[in-house]
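Okay, so here's the structure we're looking at.
Computed from heavy atoms alone, side chains included, the values below leave out hydrogens, waters and symmetry copies.
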Amino acid sequence: MDNIIIDNVLIVALITALGNILTAAVPSLVTYLLGRKVFNQRKLQEKLNIALTDLQYMLMVEELHCREHLSDVGQTKRQTIRNCVKNESNLSWSGKFTLSRINKELTRNCSLTNGNKLTRPSRYYSRY
């Protein structure tokens with residue numbers, strides 16, 4: 001009979017120890033996963049800003065090139081060149097990223113990042 005009591009006490013102690021381990025492990029795991037998500041989101045945001053800046057640069061190059069054509073030939077030939085690119089490379093201009101839209105997006109992205117710290121817009125804050 002004494003062996004049964006010791007075994008029950010041992011089982012209770014093991015369950016308590018396992019509960020303590022899980023109590024420490026679960027929050028640590030969740031914190032790690034959330035931290036990794038935020039870090040990846042920050043890296044993606046930086047890459048998006050770089051891509052938008054490069055696109056902004058290329059659109060300015062096109063604008064200056066068209067201005068040179070206008071002063072030399074009298075026509076910008078922007079649409080002619082875009083049609084040639086479309087026909088030769090099967091790439092087409094979506095028109096979704098114009099210079100003004102890129103400027104707005106970069107301004108919005110800069111307001112989302114405060115230095116190296118990612119901040120959330122007000123619409124993402126929880127009500128609780």
Any side-chain heavy atom of N40 sitting closer than 4.5 Å to one from R36? yes

Just how far is it from atom CD of Q56 to atom OG1 of T53, taken to the nearest 0.5 Å? 6.0 Å

Would a 4.5 Å heavy-atom cut-off, applied to side chains only, mark R78 and H69 as touching? no

Would you say M60 ends up clustered with W93 if hydrophobic residues are merged whenever their side chains have heavy atoms under 4.5 Å apart, either directly or through other cluster members? yes

Separation between CD1 (I50) and CD (Q45), nearest 0.5 Å, reads 11.0 Å

Counting N and O atoms only, with roles assigned by atom type, does the side chain of S89 sit under 3.5 Å from a partner on the main chain of K86, one being a donor and the other an acceptor? no

Measuring from atom CD of E62 to atom OG1 of T76, what distance do you get when rounded to the nearest 0.5 angstrom? 9.0 Å

Value rounded to 0.5 Å, distance of CG in N49 from CD1 in I102: 11.5 Å

Quick one: closest heavy-atom pair of F97 and L59, and the distance? O-CD1, 3.4 Å

Side-chain heavy atoms of R42 within contact of E46, under 4.5 Å: yes

Atom of N109, atom of L52 and distance for their closest heavy-atom approach: ND2-CD1, 4.0 Å

To the nearest 0.5 Å, how far apart are NZ in K77 and CG in D72? 10.0 Å

Give, for atom CG of L48 and atom CG of L106, the distance between the pair rounded to the nearest 0.5 Å. 8.0 Å

Is the shortest heavy-atom distance from the side chain of I15 to the side chain of I11 under 4.5 Å? yes

Thinking salt bridges, do E105 and R108 make one under a 4.0 Å N-O criterion? yes

